[in-house]
Amino acid sequence: MALDPLVRRTAPRFGSESARMLPQTRIAGPMPWVMAIMIALTVMAAGAGLALNNVATNARDEISGGITVQVVEGAPASRERQARAAVSLLRARDDVASVRRVPDEELADLLEPWLGEAANDADAVPTPALIDVRLSGPVTAPRLRELRAQLLAQVPAARLDAQAGWLAPVFEALRSLQYLAIGLVLLLAATSVAAVWLAARSALGTNRDTIEVIHHLGGTDGQIARIFQRSIGIDAALGGLAGLMLGIGAIFVLGQQFAALGSGLVAGGTLDWRDWLAIAAVPVAGIVLAVLTARFTVIAALRRML
Amino acid sequence: MSGSEDSIVQFDNVGLRYGTDREVLSDISFTLYPGSFYFLTGASGAGKTSMLKLLYLAQRPTRGAIRMFGHDLITQPRHALPEFRRRIGTVFQDFRLIPHLSAFDNVALPLRVSGISESDIQKPVSDMLDWVGLDHRRDARPATLSGGEQQRVAIARAVIARPEILVADEPTGNVDPDMAVKLLRLFEALNRLGTTVVVATHDVQLLRKVPDSLIMRLDKGALSDPTGALRYPPRRGM
Ligand SMILES: Nc1ncnc2c1ncn2[C@@H]1O[C@H](COP(=O)(O)OP(=O)(O)OP(=O)(O)O)[C@@H](O)[C@H]1O
Ligand SMILES: [Mg+2]
């Protein structure tokens with residue numbers, strides 16, 4: 001059967017019952033804007049928090065088994081002997097994953113910016129011998145104590161430090177930043193709830209007459225709520241999508257700038273697919289919230305009518 | 001009250017007050033019969049709109065009993081009321097058209113609310129718009145229609161679903177006398193198809209234009225029955 005052009009022209013776009021009842025209803029109002037801004041901010045804060053979390057986790061994994069042994073001895077010959085003794089002692093232990101003596105030239109290169117040419121003159125400025133040790137498993141205080149005792153017995157000039165210990169303040173700072181990000185996400189979520197609620201209410205306030213009319217024509221609460229859920233859902237989806245793009249764009253730009261720093265620590269902050277999934281859930285939660293707000297607001301308004 | 005089996009609406013000692021004010025309607029008792037044409041008159045503030053609100057279920061009475069379509073309204077749960085409202089057509093004094101919908105979609109609204117399929121909506125709505133002389137304005141928004149045209153859209157919307165009761169509050173309030181008579185002819189035509197019509201108006205000239213009509217008069221919230229029509233209601237078909 002050929003479709004009457006009239007029928008086709010006025011046919012509902014979405015085919016749903018609510019679309020047929022109020023085909024052109026767009027609640028508009030501040031809804032898409034509020035959504036876009038809140039979602040963008042929440043996405044940025046969530047992205048930063050997740051990246052910080054990854055930085056902290058990666059760094060901790062990387063250095064958790066790390067120990068630095070210094071042999072602080074002014075006399076080069078004694079220093080060399082003690083360093084060799086330390087290396088062989090450490091290699092003999094089966095809880096040591098790797099031992100690497102940092103070559104003196106490498107050390108000199110590291111120190112040159114501070115000490116100048118003197119760094120190459122072992123007599124002028126005595127530098128300690130440096131040994132990078134990686135234990136299997138994390139460095140605990142008892143292990144460190146036991147290792148230190150064993151080492152000092154044969155290498156009196158040895159000094160032992162857990163790398164994680166050096167970095168403790170960095171981890172503290174990272175953790176504070178993470179708490180800050182979590183706090184921000186929570187605050188933004190609370191503000192979003194309030195803003196979406198207000199926007200949905202104001203949108204419905206301007207459509208109160210429409211709600212009343214459909215009510216008087218015998219529309220059920222469910223029918224009327226569905227009209228506004230759908231309309232606000234579409235607005236919220238538009239705003240949420242815009243906010244998501246904005247937020248992800250900001251995360252990419254920041255990520256690129258941090259990547260340019262080239263630091264291994266920061267590179268560990270890359271977001272993986274689970275993080276992106278969490279970020280993508282932000283606008284979905286916003287849309288669900290907006291739709292639920294619309295439903296409860298309409299039903300509450302209708303309950304006040306007979 | 002006798003003869004209630006074939007009544008369509010029955011008020012029994014109905015009273016209504018808003019908040020804690022005095023009653024705006026007191027001891028209202030009457031019976032409406034299917035297929036009759038009623039005028040509700042009374043001075044401004046007498047309670048006409050309040051009584052119509054009880055009739056189109058926008059308001060519950062504070063006391064008394066109302067039966068409609070053979071059911072006790074007072075004991076109906078809230079979720080049962082939409083079913084009743086779909087059997088009642090209402091012309092509001094201020095039209096209450098939905099501004100962003102075309103004349104066609106405004107008139108189609110009661111059918112869509114009732115879940116009538118789209119293919120069964122096109123022809124009746126077109127015919128109805130034709131009947132009220134607005135076929136050429138079917139795509140116009142209410143704001144672009146004249147007052148009389150809006151009134152006719154409102155009336156078309158009230159009657160499109162063939163309601164069993166038509167309730168109209170000052171439906172000729174904003175139109176010239178010629179248009180008022182024309183609109184009354186629409187109500188009469190619908191009435192002849194079996195709809196019970198209740199028209200509230202303070203325009204006594206209008207009453208004379210419908211010879212078979214019955215008159216209810218409200219005076220400070222009390223109902224009087226000048227023609228005895230409510231007490232001794234004429235049988236259906238008169
Ligand atoms: N929602 C309300 N709250 C409080 N009082 C109201 C309300 N609606 C109406 N009234 C009062 O009830 C009385 C009857 O009002 P109603 O609107 O029923 O009169 P009416 O006969 O329709 O008058 P008019 O011819 O001017 O439209 C008036 O005194 C009015 O002030
Ligand atoms: Mg009135």
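Protein chains get the first letters and strands the later ones, always in sequence-line order, with residue 1 at the start of each.
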For [X], is it the side chain, the backbone, both, or neither that has a heavy atom closer than 4.5 Å to a heavy atom of chain A?
X        : answer
B:Glu83  : neither
B:Arg157 : side chain
B:Phe84  : neither
B:Arg78  : side chain

Residue A:Phe252 excluded, over 12 heavy atoms near CZ under 6.0 Å: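 Counting neighbours around CZ of A:Phe252, 12 or fewer heavy atoms of other residues, nucleotides or ligands fall under 6.0 Å, so no.
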CE (A:Met305) with more than 12 external heavy atoms under 6.0 Å: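 Yes - once you tally the heavy atoms of other residues, nucleotides and ligands closer than 6.0 Å, there are more than 12.
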Pairwise distance CG(A:Leu217) to CZ(B:Arg96) - rounded to 0.5 angstrom: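 That separation rounds to 10.5 Å.
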Spacing of A:Thr210 atom OG1 and B:Ile98 atom CD1 [to the nearest 0.5 Å]: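 Interatomic distance, A:Thr210 OG1 to B:Ile98 CD1, rounded to 0.5 Å: 4.5 Å.
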Is any side-chain heavy atom of [X] closer than 4.5 Å to a side-chain heavy atom of [Y]?
X        : Y        : value
A:His216 : B:Thr90  : no
B:His79  : A:Asp221 : no
B:Leu97  : A:Val213 : no

Any donor-acceptor N/O pair, B:Arg86 side chain to A:Gly218 backbone, under 3.5 Å: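 Flag set: sc B:Arg86 to bb A:Gly218 pair under 3.5 Å.
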Proximal component of A:Leu302, with respect to chain B [non-hydrogen, under 4.5 Å]: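 Both parts, backbone and side chain.
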Closest approach of A:Leu306 to B:Leu57 (non-hydrogen atoms, all atoms of both residues):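 So the two residues come closest at CD2-O, 3.7 Å.
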